[in-house]
Each structure stands twice: as C-alpha cells, then as structure tokens.
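Numbering of ligands and ligand atoms starts at 1, following listing order.
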Amino acid sequence: MAASADHVKALVRAHAEGDEDAFYSIALQLAAKSARQGHNRLAAELRELVDQARAQPINKREPIPVVQPRGELAELVSASYPNVHLADMTLAESVRTQLQRVLHEQRQRERLENHGFAPIYRLLLVGPPGTGKSMSAAMLARELSLPLFTVRLDGLISRFMGQTASKLRLVFDAAARNRAVYLFDEFDAIGAERRIEGDVGEARRILNSFLLFLDEAPSESLVVAATNHAVILDSALFRRFDAVITYDVPSAEQAIQVLRRRLTSMNTAEVDWDDLMGHVSGLSHAELVRAAEFAAKDAILSGDDVLSTSALRSALDRHHTTRHS
Ligand SMILES: Nc1ncnc2c1ncn2[C@@H]1O[C@H](COP(=O)(O)OP(=O)(O)O)[C@@H](O)[C@H]1O
Ligand SMILES: [Mg+2]
C-alpha cells in the first residue's frame with residue numbers, strides 16, 4: 001500500500017474540517033506518490049475517483065435543506081446556495097490569508113467553543129466596487145456549506161421608510177434561528193445618516209438596532225457587511241466587527257490572472273500577456289471579467305475560439321473609456 005501515515009492523517013483532518021478542496025488535493029498527492037513508486041494502476045484509479053467525485057453536481061453531494069425565507073421575510077432577504085470556491089478568486093495575499101483564517105476558525109468552532117472562545121463571525125468587507133466583496137460572502141457560504149441570505153440595505157431603507165428598524169428585526173431574528181451566512185450588502189446605507197432625508201430619528205434607530213444585533217448575534221451564523229465607502233461609517237460600527245477586510249483593485253499580475261481564469265475555455269496560445277499588463281491598470285476584477293467575456297464572445301461569434309492580443313487589448317481599453325458613463 002502506497003499511502004503514507006501522514007497522508008492518511010491529512011485526509012482525516014481535511015474530512016473533519018469539511019475542507020473538500022484539501023481532501024481531494026491530498027488524494028491527488030497520494031496518486032502522484034503512487035505513480036512515482038510504480039503503482040500506476042492505483043494512481044490512475046485514484047485520479048479517476050477524484051475526477052468523478054468533483055464532477056458530481058453539488059446538490060447530489062450534500063443535500064442542504066432548502067431554507068427559503070417566507071412571508072414578510074421573503075421581501076427583505078434573498079436566499080441562495082452559491083458555488084464559488086476560494087480557489088476561484090484572485091485576491092491579494094493579505095485578503096486571502098484573512099479569509100482562510102475565517103474558514104479555519106469556523107470549521108473548528110466547536111473546539112474553540114469548548115474552551116469558551118467564539119470563532120470570527122462578524123466581518124466587515126470594505127473596498128471599491130467589483131473587487132470581490134459579495135463574491136467573498138458567497139464563497140464563505142459555499143466553503144462552509146451554508147446558505148447565503150442577502151439583505152440589500154439600500155433597497156430596504158428606501159422601501160420601508162419609517163419602519164426599517166422593525167423590518168431589520170425580522171432579519172435578525174431569522175439569523176438567530178438559521179445557521180447561515182447573512183450578507184448585509186451596501187452596508188454604508190446604514191451609516192449614511194444624513195442621506196436619509198427628513199428623519200434623523202429613523203436613521204438612529206436603524207443604526208442602534210444594528211449595533212445591538214452585532215452584539216447579540218449568535219456565533220453560529222456568519223454576519224458579513226460589505227461597503228464601498230468606509231469613510232462614512234460610524235466608528236462605533238467598526239469596533240463591533242471581529243475583522244475588517246480591505247479589498248482593492250488587482251495588481252497587474254493579478255489582473256492577468258483574472259483574465260486568464262475567465263478564458264480557460266478559449267484558445268489563448270497566441271495572447272501576449274505581458275503586452276496586456278500595460279492595459280489593466282485601475283480596472284476592478286469585475287471590469288476585467290467583463291472585458292474578457294466581451295472579447296471571448298466576439299471571437300466565438302466570429303467563428304472560432306482563438307483570442308488575439310489586440311482583441312483583448314481593445315476590450316480592456318474600451319472599459320477604460322466607458323467606465324464612467
Ligand atoms: N477577487 C475576485 N476574483 C475573481 N473574480 C472576481 C473577484 N472580484 C470580483 N470578481 C468578479 O466580479 C464580479 C462582481 O464582484 P462582486 O463580488 O459583486 O464585487 P463587489 O461586491 O466587491 O462590488 C464577480 O461575480 C466576479 O465575476
Ligand atoms: Mg457587492
């Protein structure tokens with residue numbers, strides 16, 4: 001048998017943590033090791049097993065109870081079961097490390113709780129639009145096999161003028177009952193008191209009820225608030241979070257990685273990536289993805305899957321000129 005004791009231990013650990021990616025990558029290491037030791041048949045079988053397991057549709061692998069918000073809650077919250085993995089994201093090293101830490105603590109929460117500690121569960125994500133804040137909330141839900149409940153605060157506040165605080169209460173109560181990732185998107189809508197015209201009392205009530213919620217929120221659920229504007233948030237708010245993660249537009253190298261990852265189904269053999277480095281500055285991840293998609297669809301519609309440097313370059317430059325329109 002080619003399995004080393006270390007591999008078996010690592011497999012058990014990955015399983016216990018629910019870390020599917022680690023589990024399969026250890027299995028693949030084991031396959032590689034078997035191949036080196038001449039056990040080619042075992043190596044091939046292992047690889048095939050991993051491929052088959054990964055190809056299964058998610059809902060076959062882990063039946064998650066379908067929790068759909070009902071009644072009044074359905075107007076405030078949308079539920080989804082995202083399929084985004086940490087490995088799908090291109091992130092600054094510091095951001096990746098912090099997200100990994102959150103996953104690690106969440107997966108080990110029982111061990112922490114047995115000693116009287118809570119895992120990180122209140123996160124504030126700050127950064128420019130299109131840099132992966134909402135995507136990160138989806139990724140956290142997927143990696144922890146939890147549903148994602150999204151609350152769009154800007155919509156909530158304008159729709160329920162005067163009763164936003166009581167509507168939020170419904171969401172908070174649901175968070176206490178269902179273990180899930182709760183994403184409060186466009187979170188600055190809460191801190192931006194002066195923008196709520198005419199009713200300062202209402203803005204205070206919303207802020208206070210949110211602060212109270214953060215203090216009382218059960219650590220079983222993950223509360224993720226995302227905002228494009230950190231500056232307008234009250235400092236009392238900042239202090240209530242366990243971690244504040246700051247996102248930014250990608251470096252030139254990361255930008256190229258975003259493009260390449262979006263174009264894996266295309267023939268990019270002729271693309272001069274170094275040339276494109278000069279055309280990505282300042283673009284967000286979302287803008288890069290859109291430019292890649294634009295160029296790819298153009299190529300497909302004009303008859304083939306071969307991408308040229310010039311097609312990508314003009315898609316990127318086009319973004320630079322249209323982004324403020
Ligand atoms: N860090 C990232 N890595 C890969 N793709 C990204 C990243 N950030 C954003 N994207 C792409 O842009 C889209 C929009 O990103 P989103 O998470 O909604 O941005 P934000 O919430 O920060 O405004 C995503 O669905 C994804 O296609
Ligand atoms: Mg977003």
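Summary of contacts: the protein heavy atom closest to atom 18 (O) of ligand 1 is S134 CB, 3.7 Å. Shortest contact from atom 14 (C) of ligand 1 to any protein heavy atom: A286 CB, 3.9 Å. The protein heavy atom nearest to atom 23 (O) of ligand 1 is G130 N, 2.7 Å. Counting protein heavy atoms only, atom 3 (N) of ligand 1 is closest to T90 N, 3.0 Å. Among all non-hydrogen protein atoms, the one lying nearest atom 7 (C) of ligand 1 is H285 CB, 3.3 Å. Nearest non-hydrogen protein atom to atom 22 (O) of ligand 1 is K133 NZ, 2.7 Å.
Taking the six-membered ring where tryptophan is involved, the planes of F184 and F210 are perpendicular, since the angle between them exceeds 60° and thus also 30°. The aromatic rings of F241 and F187 sit perpendicular to each other, their planes meeting at more than 60°, with 30° as the lower class boundary.
Considering backbone and side-chain N/O of M135, one or more are found under 3.5 Å from N/O of ligand 1. Any N or O atom pair closer than 3.5 Å counts here, and T131 shares at least one such pair with ligand 1. At a 3.5 angstrom cut-off on N or O pairs, L91 does not count as close to ligand 1. Remark: ligand 1 and G132 share an N or O pair separated by less than 3.5 Å (distance only, no angle test).
Taking backbone and side-chain atoms together, N228 has no N/O/S atom less than 2.8 Å away from the Mg ion (ligand 2).
Scanning both residues, L307 and A299, for their nearest heavy atoms gives CD2-CB, 4.2 Å. Between F294 and A315, the closest heavy-atom pair is CD2-CB, 4.0 Å.
Counted within 6.0 Å of CZ on R262, heavy atoms from surrounding residues, nucleotides or ligands total 12 or fewer; the atom is thus considered open. For R96, the CZ atom sits in a packed shell: over 12 heavy atoms of surrounding residues, nucleotides or ligands are nearer than 6.0 Å.
Atoms of ligand 1 lying under 4.0 Å from at least one heavy atom of P129, given by number and element, are 23 (O). Per-residue contacts place M89 under 4.0 angstrom from the following atoms of ligand 1 (heavy atoms of the residue considered): 1 (N), 3 (N).
A salt bridge links R169 with D173: at least one charged nitrogen is closer than 4.0 Å to a carboxylate oxygen.
Atom 25 (O) of ligand 1 is not flagged as protein-proximal [any protein heavy atom, distance under 4.0 Å].
Of the possible donor and acceptor atoms, one in the side chain of K133 sits under 3.5 Å from a partner among the backbone N and O of G127.
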Show your reasoning for whether side-chain contact (heavy atoms from CB on, under 4.5 Å) applies to L11 and F23. CA-CA 6 Å; L11 278 173; F23 187 90; 3.8 Å; yes
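When the options Q254, R261, E253 are evaluated for a side-chain hydrogen bond (donor to acceptor under 3.5 Å, both in side chains) with T90, the one that passes is R261.
Heavy atoms of V258 found under 4.0 angstrom from ligand 1: none, in either backbone or side chain.
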